[in-house]
Amino acid sequence: MRIDIITIFPEMFEGPFTESIVKRAIGKGLVDIHLHNLRDYSTDKHRRVDDYPFSAGAGMVMMVEPVDNCISKLKSERHYDEVIYMSPDGELLTQPLVNQLSMNENLIMLCGHYKGIDERIREHLITKEISIGDYVLSGGELAAAVLTDSLVRLIPGALSDETSALSDSFQDGLVSPPVYTRPREYKGWEVPEVLLSGNDAVINEWKYQQSLARTKERRPEMYNLLEAKSKK
Ligand code: SAH
């Protein structure tokens, strides 16, 4: 998978991409991430990428031309499956959407700033708009890093135990069961007896029941969906 990120703050991705699973996946050649500084595509001598909005109103707006220059150059080099704009009013990022996007080869992610981007970019250049939640960030960089991380960990070979992505929350419409590690007892706080039984069938059933109960309690809307499906 190849991901091209268009941003005015490429350095914000240091950290998210230089540690842990994403770092390892890049190192193994499983994902190719390219950061493009939008200012490099400005034709203005001060490398400006934003301007005042038409009509009154606070905040600057990102201009069409630098974004078009960058996206056009990338598109002339290869086919992109989606050109994504990170936006608070976009489709909410959920595990099913991540699963679906993980099937793609080449993705562009555009990070907005200020008051947002000129609407004509969204009309003519963007194919998908994604929000990471109903709150407003100051820029699209953190959102693009979240989306990238969620995608990279699904690439076969990115996680050391490949099955572990499948047993994560949301993959089967359930949240994960609780997990424990040694010691068996700490300050009188005990690990559930069943996990020490060594009986895989019993343990798996316990985990499943825990997942069900937690989903019912913490994500009732997800639980209702599951119940509705099982009644069909
Ligand atoms: N005025 C805009 C918000 C602009 S915030 C509005 O009210 O919709 C600046 C940039 O941050 C946006 O262009 C977008 O790229 C990014 N951003 C903010 N919140 C986000 C969210 N929840 N999900 C994804 N991107 C977000």
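Order of listing sets the numbers, starting from 1, for every ligand and every atom in it.
Here is the list of ligand 1 atoms found below 4.0 Å of a heavy atom in Ile130: 24 (C). Contact atoms of ligand 1 toward Gly112: 10 (C), 11 (O), 13 (O), 15 (O) (distance under 4.0 Å to a heavy atom of the residue). Interface atoms of ligand 1 facing Ala143, defined by a heavy-atom separation under 4.0 Å, are 24 (C), 25 (N). In summary, the atoms of ligand 1 found under 4.0 Å from a heavy atom of Gly140, numbered by their order in the structure, are 11 (O), 15 (O), 16 (C). Counting atoms of ligand 1 from 1 in the listed order, those under 4.0 Å from a heavy atom of Ser131 are 22 (N), 23 (N), 24 (C). Close approach to Tyr135 involves these atoms of ligand 1, each under 4.0 Å from a residue heavy atom: 19 (N), 21 (C), 22 (N). For ligand 1, the atoms sitting less than 4.0 Å from at least one non-hydrogen atom of Gly116 are 13 (O), numbered in the order shown with element in parentheses.
Within a 6.0 Å radius of OH in Tyr186, other residues, nucleotides and ligands contribute 12 heavy atoms or fewer. The neighbour count for Arg182 CZ, taken as heavy atoms of other residues, nucleotides or ligands under 6.0 Å away, does not exceed 12. Heavy-atom neighbours of Arg120 CZ from other residues, nucleotides or ligands within 6.0 Å: at or below the threshold of 12. Within a 6.0 Å radius of CD in Glu193, no more than 12 heavy atoms belonging to other residues, nucleotides or ligands are found.
Not a single heavy atom of Asp134 sits under 4.0 Å from any atom of ligand 1. Residue Ile132 places a heavy atom less than 4.0 Å from ligand 1. Distances shorter than 4.0 angstrom do not occur between any heavy atom of Asp89 and any atom of ligand 1.
With respect to atom 13 (O) of ligand 1, the closest heavy atom belonging to the protein is Tyr85 OH, 2.6 Å. Of the protein's non-hydrogen atoms, Leu137 O, 3.3 Å is the one closest to atom 5 (S) of ligand 1. Here the protein heavy atom with the shortest distance to atom 1 (N) of ligand 1 is Lys115 O, 3.1 Å.
Without hydrogens or angle criteria, Ser150 side chain to Val98 main chain gives no donor-acceptor distance under 3.5 Å. Judged by distance alone, the side chain of Asp50 and the main-chain N or O of Val61 form no donor-acceptor pair under 3.5 Å. For the pair Thr215 (side chain) and Tyr223 (backbone), a donor-acceptor distance under 3.5 Å is absent.
For Tyr114, every heavy-atom contact with ligand 1 shorter than 4.0 Å involves the backbone, none the side chain. Neither the backbone nor the side chain of Leu110 has any atom closer than 4.0 Å to an atom of ligand 1 (non-hydrogen atoms only).
The closest heavy-atom contact to atom 26 (C) of ligand 1, among the options Cys111, Ala58, Pro88, Ser138, comes from Pro88.
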Run Leu107 and Arg2 through side chain to side chain contact (heavy atoms under 4.5 Å, CB included) and show every step you take. CA-CA 6 Å; Leu107 296 172; Arg2 176 181 166 122; over 6 Å; no
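Salt bridge Glu129/Arg122: present, at least one basic N to carboxylate O contact under 4.0 Å. Using a 4.0 Å cut-off between charged nitrogen and carboxylate oxygen, Asp51 and Arg48 count as a salt-bridge pair.
Atom 22 (N) of ligand 1 is flagged as protein-proximal [any protein heavy atom, distance under 4.0 Å].
Note: Tyr180 and Trp206 have tilted aromatic rings, judged against thresholds of 30 and 60 degrees for the angle between ring planes.
For the pair Met86 and ligand 1, the shortest N or O to N or O distance falls below 3.5 Å.
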